[in-house]
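Below you'll find the structure, written out as structure tokens, and then a few comments.
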Amino acid sequence: MTATTGRRLLLVHAHPDDESIGNGATMARYAAEGARVTLVTCTLGEGGEVIPPELAHLTADREDALGPYRIGELTAAMSALGVTDVRFLGGPGRYRDSGMMGVPDNDAPGCFWQADVDEAAGHLVAVVREVRPQVLVTYDENGGYGHPDHIQAHRVAMRAYDLAADPAYRPELGPAWRVAKVYWNRMPRSVIEAGLAETAAKAPFPGTAVPSDVPGVVDDAVVTTALDGAAHAGRKAAAMAAHATQITVDGAFFALSNDLGQPLIATEYYQLVRGEAGPGRPEDDLFAGLDHETSAEESAR
Ligand SMILES: [Zn+2]
């Protein structure tokens, strides 16, 4: 029994593709090491634009068939990463994509932005108490870049973190579970600025993104944890490419439907916001400091 066998990682994301862009190398690494990796995606991304012209008929303003199609893309992406435990919050289609901030879809009944946070968090509490992750990954309070579904995913994840640990909250969902460490996805400003400069010089796209297009950008000092994903860069690129309606991957670069190039960065960065940091700064492992806990629990079985 290896020291990593008892490790369990839960990631909460807004749309199919966010997990591969933000955490693809992290997910591939921990899956390869034998950890249990669970992804909860909150919407099907029904409101997304579509890059390939031959699939343009899927969009919400035409056939409105993008959600089911993106389930297939997510399945392929998770296959590339070696991740088998993928769920949609409350079941597929329970919460609909809310669109970018300020669009009429924000007000649509059934969209994730209109969801009651406690009700939505209840679905996630059931997952937390079943899986019992030591580590939870989600977005900051602005959802990384202000998309309503990302903000809501943050609220739901943080609420579920609290409620899952409260024995008085819905005991029928399972015994209370306290997640040991919570991380928010981050991108150090120096890293993205250098990456975007290289993108502008070398990438094949007609334009280049700016730092405010990129989720989670912060001053470097905010970052507590950096996972070197070089060994898993190929899997991350393959997972991103599997989301072909949303992402064009070209070598070390990619673009979303806006056709603005971004660097495909295999090292992934985090800010620890709950729990105790392990040794080293930055940490190089989301489970740093927890191995005694995970291995002791495993050997007690
Ligand atoms: Zn998203």
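Counting starts at 1 for both ligands and their atoms, in listed order.
- When only modelled atom types and interatomic distance are considered, E119 and H123 share a side-chain donor-acceptor pair under 3.5 Å.
- For D213, the side chain to side chain contact (heavy atoms under 4.5 Å, CB included) partners are A209, V210, L260, not counting sequence neighbours.
- For P167, the side chain to side chain contact (heavy atoms under 4.5 Å, CB included) test picks out A176, with sequence neighbours left out.
- Between the side chains of D118 and Y169, not a single donor N or O lies within less than 3.5 Å of an accepting N or O.
- Protein N/O/S atoms closer to the Zn ion (ligand 1) than 2.8 Å number 4 in this structure.
- Contact check on R96 versus D64 returns a salt bridge, with a Lys/Arg side-chain nitrogen under 4.0 Å from an Asp/Glu carboxylate oxygen.
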Using a 3.5 Å cut-off and no angle test, enumerate the donor-acceptor pairs between side-chain atoms of residues 39-55 and protein atoms at least two apart in sequence or in another chain.
unit_1	atom_1	unit_2	atom_2	d
T43	OG1	A14	O	2.9
T43	OG1	G45	N	3.1
E46	OE1	D97	N	3.0

